[in-house]
Amino acid sequence: MAKKTILETSENKQAQFIFDKNNYRLLILSIVVVAFGFLLMSGTTDIYDFRKIVVAPIVVIIGFVIGFFAILKKRK
């Protein structure tokens, strides 16, 4: 009899994800920002261009910070 009640309660539980929907959105946003930063680094223009040595690394770092925040953000 005791086994039956344990099985009934375990069947009613739903699987919970580790992250919330907002965490996944922020994680996808961070991937897009990092990809955009690497896209800014590429190209055939001068290697010492301001965009390649200043702007693109800052954009990539911002993307990694967003990803770090997305992982550590707690659900509501």
Side-chain angles (χ1 to χ4, degrees):
M1 190 69 154
K3 289 183 180 180
K4 189 174 183 179
T5 57
I6 292 173
L7 291 175
E8 289 175 0
T9 57
S10 65
E11 289 176 0
N12 293 336
K13 289 184 180 179
Q14 291 183 350
Q16 291 184 355
F17 292 108
I18 296 173
F19 295 128
D20 196 14
K21 187 168 148 181
N22 293 328
N23 294 80
Y24 287 114
R25 286 181 181 170
L26 283 174
L27 198 59
I28 290 171
L29 176 69
S30 72
I31 292 170
V32 169
V33 170
V34 169
F36 181 67
F38 281 115
L39 186 68
L40 286 175
M41 273 189 231
S42 68
T44 58
T45 60
D46 185 26
I47 195 168
Y48 298 111
D49 190 27
F50 178 76
R51 179 189 61 157
K52 286 186 176 183
I53 63 171
V54 175
V55 176
I58 290 173
V59 171
V60 170
I61 290 172
I62 289 171
F64 284 133
V65 168
I66 293 171
F68 185 73
F69 179 72
I71 292 171
L72 293 180
K73 185 179 179 221
K74 295 187 180 196
R75 52 175 33 178
K76 293 181 180 178

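The basis for the numbers below is simple: all heavy atoms, side chains too, and nothing from hydrogens, waters or symmetry mates. Worth saying up front: this structure is predicted, and the values here are computed from it rather than measured. Nothing fancy with the numbering, it's 1 onward along the sequence.
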Kindly compute the distance separating CD1 (Ile71) from CD1 (Ile66), expressed to the nearest 0.5 Å.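 CD1 of Ile66 is found 12.5 Å from CD1 of Ile71.
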Euclidean distance, Phe64 CZ relative to Ile31 CD1, rounded to 0.5 Å: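 These two atoms lie 10.0 Å from each other.
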Assigning hydrophobic clusters by single linkage (Ile, Leu, Val, Met, Phe, Trp, Tyr; side-chain heavy-atom cutoff under 4.5 Å), is [X] placed with [Y]?
X	Y	result
Val54	Met41	no
Val65	Leu72	no
Val55	Val32	no
Phe36	Leu26	yes
Ile28	Val60	no

So, do Ser42 and Leu39 sit near enough that their side-chain heavy atoms are less than 4.5 Å apart?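 The answer is yes; the side chains approach within 4.5 Å.
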Distance-minimising heavy-atom pair for [X] and [Y]:
X	Y	answer
Gly67	Ser30	N-CB, 3.4 Å
Asn23	Lys73	ND2-O, 3.0 Å
Ala56	Leu40	CB-CB, 3.7 Å

For Ile18, look at atom CD1 and say whether over 12 heavy atoms of other residues, nucleotides or ligands are found less than 6.0 Å away.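 Counting other residues, nucleotides and ligands, CD1 of Ile18 stays at 12 neighbours or fewer.
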Phe68, CZ: over 12 other non-hydrogen atoms inside 6.0 angstrom: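 Not buried by this count: 12 neighbours or fewer within 6.0 Å.
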